[in-house]
Amino acid sequence: QVQLVESGGGLVQAGGSLRLSCAASGRSTFSNYAMGWFRQAPGEEREFVAATYWRGGSTYYADSVKGRFTASRSNAKNTVYLQMNTLKPDDTAVYYCATKMGATSINRLAYDYWGQGTQVTVSS
């Protein structure tokens, strides 16, 4: 069973930075998997943030975070990261990582496994 565990959320002032981590387990390798980051603000639908591959290659970002957020990975640790810079109050949400076999997707319904989420709060 694939398990994803996020960490790194917290409270930060606008303009600040946070780095989220997502540790994966339950497979001998995730080389054929894609990873997605999503977020959900209160009263809103869960929205796409970023998507990448465990093995490397292209990374895709939502327009709202492009240039501010960077997704990366450590294959040795089976961990992906989301570096978030120049945070804005609109970035306040619960952030989730998710994984699926095959190609990346911006559609949350395409992902099979989800972490429990980590709260990010950006104060103005």
Side-chain angles (χ1 to χ4, degrees):
Q1 179 73 8
V2 173
Q3 289 190 317
L4 302 175
V5 179
E6 298 108 333
S7 61
L11 173 64
V12 64
Q13 288 188 330
S17 298
L18 283 173
R19 188 178 80 157
L20 306 183
S21 300
C22 174
S25 62
R27 292 288 184 271
S28 59
T29 177
F30 285 90
S31 60
N32 294 324
Y33 282 70
M35 287 293 303
W37 285 98
F38 292 80
R39 66 186 182 185
Q40 188 167 18
E44 303 290 333
E45 290 192 353
R46 195 167 298 186
E47 66 175 8
F48 169 76
V49 175
T52 188
Y53 292 95
W54 281 102
R55 65 178 183 270
S58 299
T59 302
Y60 306 93
Y61 298 96
D63 288 342
S64 58
V65 307
K66 203 171 294 183
R68 300 188 298 122
F69 290 12
T70 303
S72 61
R73 76 202 184 283
S74 167
N75 291 337
K77 297 181 179 180
N78 273 357
T79 300
V80 291
Y81 305 96
L82 185 68
Q83 177 67 43
M84 306 185 296
N85 298 329
T86 319
L87 283 161
K88 306 174 182 180
D90 284 349
D91 295 319
T92 295
V94 177
Y95 283 70
Y96 299 89
C97 63
T99 193
K100 64 182 291 292
M101 288 193 71
T104 59
S105 174
I106 65 171
N107 183 354
R108 60 182 173 85
L109 299 178
Y111 289 82
D112 299 309
Y113 304 99
W114 291 82
Q116 82 285 358
T118 185
Q119 177 70 47
V120 171
T121 303
V122 184
S123 63
S124 57

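Transitive grouping of hydrophobic side chains (ILVMFWY, heavy atoms separated by less than 4.5 Å) brings Met84 and Val12 into a common cluster. Linking ILVMFWY side-chain heavy atoms closer than 4.5 Å, directly or via other members, places Val2 and Tyr53 in two distinct hydrophobic clusters. Residue Tyr113 is grouped with residue Met101 when hydrophobic side chains (ILVMFWY) are merged at heavy-atom distances under 4.5 angstrom, including chains of intermediate members. No chain of hydrophobic side-chain contacts below 4.5 Å, direct or via other Ile, Leu, Val, Met, Phe, Trp or Tyr residues, connects Tyr60 to Phe69. Taking hydrophobic clusters as Ile, Leu, Val, Met, Phe, Trp and Tyr residues chained together by side-chain heavy-atom distances below 4.5 Å, Val49 shares a cluster with Trp54.
Side-chain atoms of Thr99 do not come within 3.5 Å of backbone N or O of Met35 as any donor-acceptor pair. In terms of modelled atom types and a separation under 3.5 Å, the side chain of Tyr61 and the main chain of Ala71 share a donor-acceptor contact.
For Phe48, the ring-ring contact (aromatic ring centres under 6.0 Å, His included) partners at least two apart in sequence or on another chain are Phe38.
Pairing each heavy atom of Leu18 with each of Leu87, the nearest pair is N-CD1, 3.8 Å. The shortest heavy-atom contact between Ser124 and Ala14 is CA-CB, 4.4 Å. Nearest heavy atoms, Thr79 versus Ser21: CG2-CB, 4.2 Å. Scanning both residues, Thr104 and Ala51, for their nearest heavy atoms gives CB-CB, 3.9 Å. Considering all non-hydrogen atoms of both residues, Ala34 and Gly102 come closest at CB-O, 3.4 Å. Residues Ala24 and Leu4 approach most closely at CB-CD2, 3.5 Å, considering heavy atoms.
Salt bridge status for Asp91 with Lys88: absent, with no side-chain N to carboxylate O gap under 4.0 Å.
With a 6.0 Å radius and a threshold of 12 heavy atoms from other residues, nucleotides or ligands, Glu47 has its CD atom above the threshold.
Put simply, the side chain of Gln119 reaches to within 4.5 Å of the side chain of Thr92, judged on heavy atoms. Between Phe30 and Arg73 there is no side-chain heavy-atom pair separated by less than 4.5 Å. A heavy-atom distance below 4.5 Å is found between the side chains of Trp114 and Arg108. Counting heavy atoms from C-beta outward, Val80 and Trp37 have side chains that approach closer than 4.5 Å.
The line from CZ of Arg55 to CG of Asn32 is 6.5 Å long, rounded to the nearest 0.5 Å. To the nearest 0.5 Å, atom SG of residue Cys22 and atom CD of residue Glu6 are 5.5 Å apart. Atom-to-atom distance recorded for Tyr33:OH and Arg27:CZ is 4.0 Å, nearest 0.5 angstrom. Taken from OG1 in Thr29 to CG in Asn78, the straight-line distance is 7.5 Å, to the nearest 0.5 Å.
Checked against Arg39 for a side chain to side chain contact (heavy atoms under 4.5 Å, CB included), the options Thr118, Leu20, Val65 give a single hit: Val65.
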